[in-house]
Amino acid sequence: MPEKPYNHEEIELKLSAEWAANPMLYRAADDGSKPRYYVLEMLPYPSGRLHMGHVRNYSIGDTLARYMWMKGYDVLHPMGWDAFGLPAENAAIKNKMHPGEWTVSNIAHMKKQLMRLGFAYDWDREISTCEPDYYRWNQWLFLRMYEKGLAYRKSSLVNWCPECSTVLANEQVVDGCCWRHETTPVEQRELDQWFLRITAYADQLLEDMEQLEAGWPAQVLTMQRNWIGRSEGAEVDFTLAGTEQKIRVFTTRIDTIYGATCVILAPEHPLSRQLCAGELAPRLKAMVDDQARKDPEQLVKEGFFTGHHAANPFNGAQVPIWVGNFVLWGYGTGAIMAVPAHDERDFEFCTKYGIPIAPVIRPADGALPESPAEAFTGDGVMENSGEWSGLTSEEGRRRMAERAEAQGFGKAAITYRLKDWGVSRQRYWGTPIPMIHCAACGIQPVPDDQLPVVLPRDVEFTGRGQSPLAKLESFVKCACPKCGGAARRETDTMDTFVDSSWYFFRYVDPRNAEKPFEPAVVNPWFPVDQYIGGVTHAIMHLLYSRFWCKVMRDIGLVSVDEPFGNLFTQGMVQLHGQTMSKSKGNIVDPDEMVVKYGADTCRLFTLFAAPPEKNMDWNESSVEGQYRFLSRLFRWVSRNQDAGGGDGSTDARALRKLHQTIRKVTADFDNRWHFNTSIAALMELMNELQASESGLSAGARRECCEKLVLLLAPFAPFAAEDLWAGLGHAGPVFKQPWPECDEELAREEMLEIPVQVNGKLRGKIAVPHGAAQAEIEAAAQAEPNVQTHTEGKAIVKLIVVPGKMVNIVVR
RNA sequence: GCCCGGGUGGCGAAAUGGCAGACGCAGCGGACUUAAAAUCCGCUGGUGAGUAAUCACCGUGUGGGUUCGAGUCCCACCCCGGGCACCA
């Protein structure tokens, strides 16, 4: 048969239309007849167009999914849209387009792009988180959390632009100012907001990481551990002078408490307001607002004396109470005892303001310094600490915490860096929080049978004042579910991390109208066999999903502790060493490459450029090489698939290379997904086939064609499918069995073994397989160039590494 | 500052204690062509020696170490990227 030119456009357009028309093609059988395998890629935010980060992420996932199909698994490979979020609302303000419309049209475009790239998704499972069918279950789950006391309301601070008189998201604050009013500094306002009690699961989130050790990157686990930030210490009450009011502080160094020379409050601490009621009030407000605008890089420690004192519970000493901008309201108790002699930050602060420094710990092998030049932060022996003097730090901590508890002024305590998850957003484009405020009955949950609380469409977007929902009377006005009286609906919407915390469960039972999903249907697929996404989501998204999974487990919906058994974090796609982002205007769109070279080439190119876990710098210059390879392969198969035979003189070497390639590519899939080397191996095979083409027998020719196409199938699905049909086969190529390496055929006849003298390569010998050690030694010493380097010298040692290397050590 | 990654030809990279630079890009030379494109073949880390096949020396950020043998392991340092950043 004459060779066919590689026409990527014709092949890909024809096949993508066929695939789109066949919804069963990528459907999981889900009948238990084959082992299940769930491949999950992080769902995209429908920003408008795919970028190369998406293409990379989904190329990796799709390649794996197709391989697993060929390995005989029942593969679940879904896709959806993280469709709520601020950009849609910003676009609405700017373009007078409804966020829903904007989102829907973006999804339509991006879906077309994904299909054009040939990704094998079961589109019948498609989820869009902005659909009431989906977000009603956000609401339902929120209500379950509320019932369990996991969703609660508390006052907290938000960014506020006085010019727009509206709440700003963190990302709308630029250099401490409003993004739309670059000279208007953001203020902090206190607002009652909804929180999820993720801290109640802090210990489980830490402990269950054991289950993830094998399947998650160590780096991600470390990041999560640090994020949760468990810290053991003690809480102790200082007493406000002249009152019985307690000021509770958290410390990990209760052993240093005799060295506490002041108490410092976070500016947001309620007591700060109380103590600064008079002329200090403006100063306090300025500090609170300033906190929000801080560039944490260059925040200088500042503070002021409140004029009040507090008593140290251990020795009764009166110490001044300060307010300090470096004390965090969100950590511990929001108040600290400052021990400048033994804490670097306290040292800096107290030195700046002339607060005394009182050393109370000496190094085990040293003396207590009189006036230290820096803080001694290590453990040591306690001094100047009353009855505790002479104890080691460690013993002191234990016994002093016990004493505090016995006497009722403190206790041993564990604090987490992790904070409860604030889910309230004063925004329109999100899941309405299903709560009702009744003047008579207080806060009342929306009854389940009234779900979903549907997001109304007829709203106005001004970007000013209250959120669009709060301004819509028809939405706000409602009846109290308890007393039936007039009440007001909650107008906050949920953080979009809620949407992405459980979507992967919904994929398995996506149209269930009775519940979030049917446990019996969903559980067999969990934990997800392979989750793939950017390392940028290593903390928040993955931590929230883990938390959500545990909550769903506790209400009986799922049976696993952890949602994702294996996690793969792909590297970023950068341009000139910089992360691609809209604001930098350096986004690369795949369309151009797909039009010019086709989806297969685009996919090969992204996989070939670097190993998938590494960052890759975008440089298209080598894309030609991928196209050349693919068209070379295509032409080779098309002209050889049923060509007459040669004399068979090159069969052995071609088949050897073929089976070596099968071994190599299979190993890459099973071990580390270095698809760049898999593709390189396919190229090597191609080079060999081209070189041995004329001598191939008809049978060998055919075998090479078939196996080559099968090997190509996970990487370049269009070309492989077309060639597979050309070989006369029916049925999709990605459902064919993955080829197996025949070790007999793959074996080299002779082994080539390098010979070193004193560790330097001096020659090579060829020996048959399974040659005896003595034979190898003799051959090595007989090698001419080896002889010139060993001549006249004594052989001290002769090392033979079977099949690998000979090293002759001479003196 | 702390915690992760990483540093190898002109470029992307390969080599999981055993032949450094597979594979690809770019470059150079050749075949085909009226010519070009496409395609195919060959060369391609540096220095030096040889007519040549070849051979020697140097070479994986820097300096030390372990080892018969180190890009790979250990120690110290430099540089780049990412994450966290006053967490009491």
Side-chain angles (χ1 to χ4, degrees), chain A residues 5 217-223 225-227 229-231 233 249-254 256 264 266 294 296-297 299-301 324-328 330-339 342-346 348-349 377 415-419 535-536 538-539 571-572 574 577-579 604-605 608-611 613-626 628-629 631-632 635 671-672 674 676-687 690-691 752-764 785 788-789 796-801 803-810:
Chain A
Q219 177 201 0
V220 173
L221 294 175
T222 306
M223 283 163 87
R225 275 195 195 96
N226 293 342
W227 187 262
R230 184 187 149 101
S231 171
V249 303
F250 174 76
T251 178
T252 54
R253 293 300 302 274
I254 193 173
T256 64
I264 310 178
K294 71 186 167 189
E297 280 280 322
L299 188 77
V300 179
K301 285 188 183 56
N325 65 348
F326 70 101
V327 178
L328 304 175
Y331 182 78
T333 60
I336 63 163
M337 62 176 202
V339 184
H342 303 293
D343 182 284
E344 283 168 22
R345 297 151 306 180
D346 298 347
E348 188 189 334
F349 187 82
T377 58
T415 280
Y416 299 92
R417 184 188 174 281
L418 180 70
K419 293 177 217 158
V535 74
T536 21
I539 297 178
M572 291 182 303
Q574 301 176 310
Q578 300 239 290
T579 325
L604 278 176
F605 168 72
F608 184 76
E613 75 279 5
K614 267 189 69 174
N615 289 349
M616 84 186 228
D617 203 69
W618 190 254
N619 177 357
E620 289 185 26
S621 65
S622 68
V623 68
E624 294 272 355
Q626 303 310 308
R628 277 202 281 264
F629 160 65
S631 64
R632 217 147 53 95
R635 283 180 278 116
N671 297 326
R672 47 175 209 174
H674 278 199
N676 54 330
T677 60
S678 313
I679 294 167
L682 291 173
M683 290 172 166
E684 283 188 61
L685 173 60
M686 207 49 244
N687 293 342
Q690 223 155 2
E752 190 183 56
I753 296 181
V755 182
Q756 298 181 338
V757 178
N758 286 350
K760 290 197 170 187
L761 181 70
R762 296 303 181 191
K764 291 173 189 179
N785 195 42
T788 64
H789 286 89
V796 181
K797 206 169 179 182
L798 211 156
I799 295 148
V800 179
V801 184
K804 286 269 171 130
M805 161 77 60
V806 176
N807 190 10
I808 301 171
V809 185
V810 298

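Convention: sequence-line order gives letters A, B, ...; per-chain numbering from 1.
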For [N], which nucleotide in any strand shown is its Watson-Crick or wobble partner with both distances under 3.5 Å?
{"N": "U39(B)", "answer": "A31(B)"}
{"N": "U54(B)", "answer": "A49(B)"}
{"N": "G1(B)", "answer": "C84(B)"}
{"N": "A15(B)", "answer": "none"}

Determine the contact category for [X]: base if any of its heavy atoms lies under 4.0 Å from a base atom, sugar-phosphate if only primed atoms, P, OP1 or OP2 are that close, otherwise nothing.
{"X": "Val809(A)", "answer": "sugar-phosphate"}
{"X": "Asp346(A)", "answer": "nothing"}
{"X": "His342(A)", "answer": "nothing"}
{"X": "Arg225(A)", "answer": "nothing"}
{"X": "Glu344(A)", "answer": "nothing"}

If you draw the axis of the six-membered ring of Phe326(A), does the NZ or CZ of Lys301(A) fall within 45° of it and under 6.0 Å from the ring centre? yes
Could you work out which one of C84(B), C68(B), G24(B) sits closest to the side chain of Trp227(A)? C84(B)
Just compare G18(B), G83(B), C40(B) and give me whichever is closest to any side-chain atom of Arg632(A). C40(B)
Nearest heavy-atom neighbours spanning Phe250(A) and Ser231(A): CZ-O, 3.8 Å
Establish, with yes or no, whether the OP1 or OP2 oxygen of C68(B) is under 4.0 angstrom from a side-chain nitrogen or oxygen of Asn758(A). no
Are Asn671(A) and U16(B) close enough that a side-chain N or O sits under 4.0 Å from OP1 or OP2? no
